[in-house]
Every structure is written in C-alpha cells, then in structure tokens.
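What follows is a set of notes on a single structure, which appears directly below.
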Amino acid sequence: SSLWLDQVFADVFGLEHRLSADAADEHYDHIGACLQRPEFRPRALFERFNIEVLTTTESPLDQLPHHDALLRSGWKGRVLTAYRPDPVVDPEFPGFRDGIGELASLTGEDTETWDGYLAAHRRRRDFFRRMGATSTDHGHPSARTANLAPREAEDLFRRVLDERVSPEDAELFRAQMLTEMARMSLDDGLVMQIHPGSFRNHNAAIYRRFGRDRGADIPTATDYVRALKPLLDLFGNEAGLSVIVFTLDESAYSRELAPLAGHYPALRLGPAWWFHDSPNGLMRFRELTTETAGFYNTVGFNDDTRAFLSIPARHDVARRVDAAY
C-alpha cells in the first residue's frame, strides 16, 4: 500500500516529498486543490492513464442505469459491467430470499421453480451481455463445484428457498451453481472468474456494527483438485470456455493450480490477488506457476481495486515484476 501511495502522490499529483507527519497538511491541501481542477475529473484521468477498458461488477438485480448513461453519453471510454450473481446464488447472502423474488419480477420467470430460476439467470446474463459484459465473477467461500442429477438439483433448490437452510445445503447449492454458470458461459461466451478462499467478515464486532464487507477478510486453505473436478469433468476440455481461477492460498499455486491450468484447455490462472499482489507476492506467483502452466495459461494482471488513482501504479508494479522474472 505504501508503494502504491508513494507512486500515486508522485506521478498523479506531482508531490515531491514523502508523506510524513510534517508533510501531511501539505499533501492534503495539494490533493484537495488538484481534485478541483478539470484534468482530475474521472474521465480525464481515465484518458490520462491510457485505460483501454475498465470493468465493474454488478448484481443480477442491478438495472445498470449508470452503464446505460455512459453508453448514451457519447464518451469513448469503455466501462463494462460483469455479472456478479452472489446475492442470488448464495443462500447465506443477506436478502437472498427477497432477491429470488426480485429476480422473478425483473425477468418474468417463475423463480420458485428450478427451471424458472435458471431461465431467469439466462435472461439477466443476456441483458448484461447487451450492456457490454464480457465476464462473470463469483466470490464463493470455496472452489467446490457439483454435478447433481436434475431431480436432486430441484430438491436442493426447494430446500435453499427455506430461510432456515443448513450450511451444508448452502455450500452444495453454491457448488451446483458454479457448474450451472459454467454451462451458461459455454452457451453465451462470458468468461467465468472464480474468487474463492476468503473467510469474510471474520471480526464479529465489526460485522455487527457496520455490516458485511467492511474488512476482516482472512485467507483460508482451499482445495482445487477435488473441488473443481465435477465442473472440469463436464467442461474442462471445452476450448470454447474460459474459467479463470484466483486464490488466496499460495500453497495451491504449484501443487494444484499450475498443473490443472497446464492440463485443462478451459482453465486459466488469475494473477496473485488481494493479499499477494505485492512485488514479492507477484514474483512468488510467477516462480511457482510458470514452469508448469506457462505464460499462456495465465491472464495478466487484474488490479481488482476500488482505488481509481492507484491503477497505473499497480499495473506498473505488475509489469516490472513480469519483466524482472
């Protein structure tokens, strides 16, 4: 974080002194003055940073009004959405049951049935594609996938609609939905991204006071060889499918992920992510995966940031690490 901040202060704002207690007021006033100028507006910075495309993630329940406004504005910058279905595929997500009803209202499908629920996803994915989406994104606790028989999947869906759903059924449903999303990606061409392995909202006091996604997300050990097998048994050899897998479990790089990506045509490795997208973490990723997976089976660098001004610094670090490797 210090590396990115120093580079942003120097390259974006032209500050010549490192941030310190003595320089804090100077930094604050200088940045505040810069942000009032037109060349620091978001679109001006987008063009200054030479960004070709920036992608956001939205829920299937989002009507994408801001993306629609951008498309209609005539601005030439590309800002795409990505289909992030967690709120309506994770039975433990707050508001899951209400979201299923809202999904029905948006699509006209009967989301109280398994077939209708899947059809609603297809409709929303089609809407996202027409709005420019090229990918889906899945932030599941684990990489587990499943391939249930149709009757088993229907029975499971009925159980997860009960607000007293068990943790075991919730995990199995998320697993089945990763496989269903891969099946849909094979049909509609959306690249699938899986981000498993974070124990989210670990600090109970923070969660009670501020709600979900306010920090205290901790990496967990993650199995990929067995977890992904049901999905890969079905679709792993499909050259027309791209599944990008990320991990917070560095111990899986050389043992599991590099061999899997080196073998299955559908699989690609996402870069060092979140806790590991530092110079040392990025270099460890290259050293542990490239010998087995090669460069071809990796996808470059995703900055995965909400800090817009840090995008050039983060990509610069990633390029330098790749070049050094």
Side-chain angles (χ1 to χ4, degrees), residues 1-58 66-67 69-70 73 75-82 84 135 137 139 193 195 198 200 206 210 213-219 244 246-248 250 269-287 298-325:
S1 298
S2 174
L3 184 69
W4 298 330
L5 283 169
D6 284 344
Q7 191 162 343
V8 170
F9 292 152
D11 293 352
V12 178
F13 291 106
L15 287 157
E16 297 180 353
H17 308 291
R18 282 186 179 275
L19 180 63
S20 66
D22 292 338
D25 286 345
E26 176 194 349
H27 273 59
Y28 187 89
D29 293 341
H30 180 83
I31 291 169
C34 287
L35 293 178
Q36 302 305 311
R37 305 208 301 262
E39 61 264 36
F40 283 86
R41 299 283 290 174
R43 293 186 187 184
L45 289 172
F46 189 103
E47 293 165 2
R48 173 181 164 186
F49 295 162
N50 197 29
I51 296 172
E52 292 186 12
V53 60
L54 183 148
T55 305
T56 64
T57 59
E58 275 79 34
H66 303 299
H67 287 275
L70 278 173
S73 71
W75 181 53
K76 294 181 180 179
R78 293 183 70 208
V79 180
L80 309 180
T81 183
R84 179 74 179 248
S135 64
D137 198 22
Q193 302 173 95
H195 287 84
S198 175
R200 296 177 186 268
I206 296 292
F210 299 108
D213 299 331
R214 294 297 184 271
D217 301 334
I218 308 298
I244 302 172
F246 294 77
T247 189
L248 293 176
E250 287 189 301
L269 299 186
W273 166 52
W274 197 344
F275 287 83
H276 308 307
D277 58 356
S278 62
N280 289 336
L282 290 162
M283 183 60 78
R284 289 195 299 271
F285 171 82
R286 280 289 169 218
E287 290 172 341
T298 61
V299 297
F301 181 67
N302 299 49
D303 58 69
D304 191 34
T305 181
R306 294 171 177 82
F308 182 52
L309 298 181
S310 77
I311 290 174
R314 294 163 67 103
H315 282 265
D316 184 52
V317 169
R319 282 193 296 269
R320 289 173 184 274
V321 169
D322 283 346
Y325 176 82

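Positions are given from 1 along the sequence.
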Check your understanding: Do E39 and R48 sit within salt-bridge range, that is, some charged N less than 4.0 Å from a carboxylate O?
Key ->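 Salt bridge: no.
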For the atom pair [atom1] ([X]) and [atom2] ([Y]), what is the distance rounded to the nearest 0.5 Å?
X    : Y    : atom1 : atom2 : result
S73  : R43  : OG    : CZ    : 4.0 Å
S278 : R314 : OG    : CZ    : 10.5 Å
Y325 : R284 : OH    : CZ    : 14.5 Å
H30  : F9   : NE2   : CZ    : 10.5 Å
N50  : H315 : CG    : NE2   : 11.5 Å
D137 : D304 : CG    : CG    : 8.0 Å

Could you tell me which non-hydrogen atom of [X] sits nearest to which non-hydrogen atom of [Y], and how far apart they are?
X    : Y    : answer
L3   : P279 : CD2-CG, 3.7 Å
V8   : L309 : CG2-O, 3.3 Å
L248 : H276 : O-NE2, 3.0 Å
H195 : R200 : O-NH2, 4.4 Å
D303 : D277 : O-OD2, 4.3 Å
P271 : F301 : CG-CA, 3.9 Å

Check: [Y] and [X] side chains under 4.5 Å, non-hydrogen atoms:
X    : Y    : answer
L269 : F246 : no
D11  : P312 : no
R286 : L282 : no
T57  : T81  : no
I51  : F308 : yes
I311 : L54  : yes

Review point. Looking only at side chains, do H67 and T56 share a donor and an acceptor under 3.5 Å apart?
Key: yes
Exercise for review: Measure from the side-chain N and O atoms of S310 to the backbone N and O of A313, and report whether any donor-acceptor pair falls under 3.5 Å.
Suggested key: no
Check your understanding: Does G300 offer a backbone N or O that forms a donor-acceptor pair with the side chain of T298 under 3.5 Å?
Key ->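 Answer holds: no.
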**Study point:** Test: R41 cationic atom under 6.0 Å from F46 six-membered ring centre, within 45° of axis
**Key:** no
Exercise for review: Show the numbers, then the answer: is there a side-chain contact (heavy atoms from CB on, under 4.5 Å) between L80 and R78?
Suggested key: CA-CA 6 Å; L80 309 180; R78 293 183 70 208; 3.6 Å; yes
Exercise for review: Could you walk me through whether Q193 and N302 pass the side-chain contact (heavy atoms from CB on, under 4.5 Å) test, one step at a time?
Suggested key: CA-CA 11 Å; Q193 302 173 95; N302 299 49; 3.6 Å; yes
**Study point:** Mutual orientation of the aromatic rings belonging to F13 and F40 [parallel < 30°, tilted 30-60°, perpendicular > 60°]
**Key:** parallel
**Study point:** CA sep, side-chain torsions, deciding dist, call: D217, W274, side-chain contact (heavy atoms from CB on, under 4.5 Å)
**Key:** CA-CA 10 Å; D217 301 334; W274 197 344; 3.4 Å; yes
Review point. Taking everything shown except R306 itself, do over 12 heavy atoms lie less than 6.0 Å from its CZ?
Key: no
Check your understanding: Is the CG atom of D29 crowded by more than 12 outside heavy atoms at less than 6.0 Å?
Key ->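 Enclosed.
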